[in-house]
> 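I have a structure I would like to understand better, so I am pasting it below and will then ask my questions one at a time.
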Amino acid sequence: MRRQEPGTTVPRPPTVGEARARDKARKERAEQERLEAEAEAKAEERRRKRRKGLIGGAAVVGVVGLVALGYTALSSDEVQATCIDPNTKVEVDESYCTTGSPGSGAMAGMFIYAGSPYRYYYGGSSGGVGTTVTGGTVVTPKGSTTVLTKSGTTVQRGGFGSKSTGSGGS
């Protein structure tokens with residue numbers, strides 16, 4: 001190899017193979033930069049969508065929370081009870097549920113011991129005695145603290161732990 005002088009030595013032109021290799025490397029770098037830019041754009045789009053989704057989700061949760069709070073605040077712990085014939089779901093007079101029959105006397109005592117054929121219907125609505133009740137249930141709703149009849153008397157449910165008032169006889 002000969003000695004090269006700075007400023008006077010001219011570099012040799014690249015060979016065809018070297019030129020192709022440089023062009024190929026340049027194209028690969030450009031393609032890689034393009035792919036990285038696309039990936040970054042997609043990632044930014046995903047972040048933007050996720051942010052919008054979180055904001056929308058938070059709004060939905062907030063609205064549901066407000067509705068639940070309003071429902072809780074406006075709902076009452078009182079449930080209305082209507083005396084019905086369980087076979088037909090027709091409203092009958094309240095005395096049927098309290099004594100087992102419309103009248104009082106010796107026959108009423110027999111119904112109490114044998115069990116009344118009439119039941120209370122909780123919630124729902126009816127047009128009065130003789131009409132069919134709708135929109136309620138024969139099972140006392142859980143969480144209700146007071147069950148009132150249409151006349152305003154409180155219904156005491158039986159079972160373990162129930163309170164019973166009365167006087168002992170001799």
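Because the structure is predicted, anything quoted here is derived from the model rather than measured.
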> Could you list the residues that satisfy side-chain hydrogen bond (donor to acceptor under 3.5 Å, both in side chains) with Glu28, not counting sequence neighbours?
none
> Holding to salt bridge (charged side-chain N to carboxylate O under 4.0 Å, His left out), I want the full list of residues that pass it with Glu31, two or more places apart in sequence or in another chain.
Arg34
> Do you know which two heavy atoms are closest between Cys83 and Glu94, and how far apart they sit?
CB-CA, 4.0 Å
> Who pairs with Arg22 by side-chain contact (heavy atoms from CB on, under 4.5 Å), at least two apart in sequence or on another chain?
Pro14, Arg26
> What residues, two or more places apart in sequence or in another chain, satisfy salt bridge (charged side-chain N to carboxylate O under 4.0 Å, His left out) together with Glu33?
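Glu33 satisfies salt bridge (charged side-chain N to carboxylate O under 4.0 Å, His left out) with no other residue.
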> Who else is in Val64's hydrophobic cluster (ILVMFWY, side-chain heavy atoms under 4.5 Å, direct or via others)?
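Grouped by the 4.5 Å side-chain rule, Val60 form the rest of the cluster around Val64.
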> Taking side-chain contact (heavy atoms from CB on, under 4.5 Å) as the definition, give me every residue that meets it alongside Thr132, ordered by chain and number, with sequence neighbours left out.
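Thr132 satisfies side-chain contact (heavy atoms from CB on, under 4.5 Å) with Lys89, Val90 once adjacent residues are dropped.
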> How many angstroms lie between CG in Asn87 and CZ in Arg119, if you round to the nearest 0.5 Å?
10.5 Å
> In chain order, what residues pass the side-chain contact (heavy atoms from CB on, under 4.5 Å) check against Glu45, with sequence neighbours excluded?
Arg48, Lys49
> Using the test side-chain contact (heavy atoms from CB on, under 4.5 Å), find all partners of Val129 that sit at least two apart in sequence or belong to another chain.
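Result, side-chain contact (heavy atoms from CB on, under 4.5 Å) vs Val129: Glu91.
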> Going by heavy atoms in the side chains, are Ile84 and Tyr118 under 4.5 Å from each other?
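No, side chains not in contact.
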> Run the salt bridge (charged side-chain N to carboxylate O under 4.0 Å, His left out) test against Arg12 and tell me which residues pass, sequence neighbours left out.
Glu18
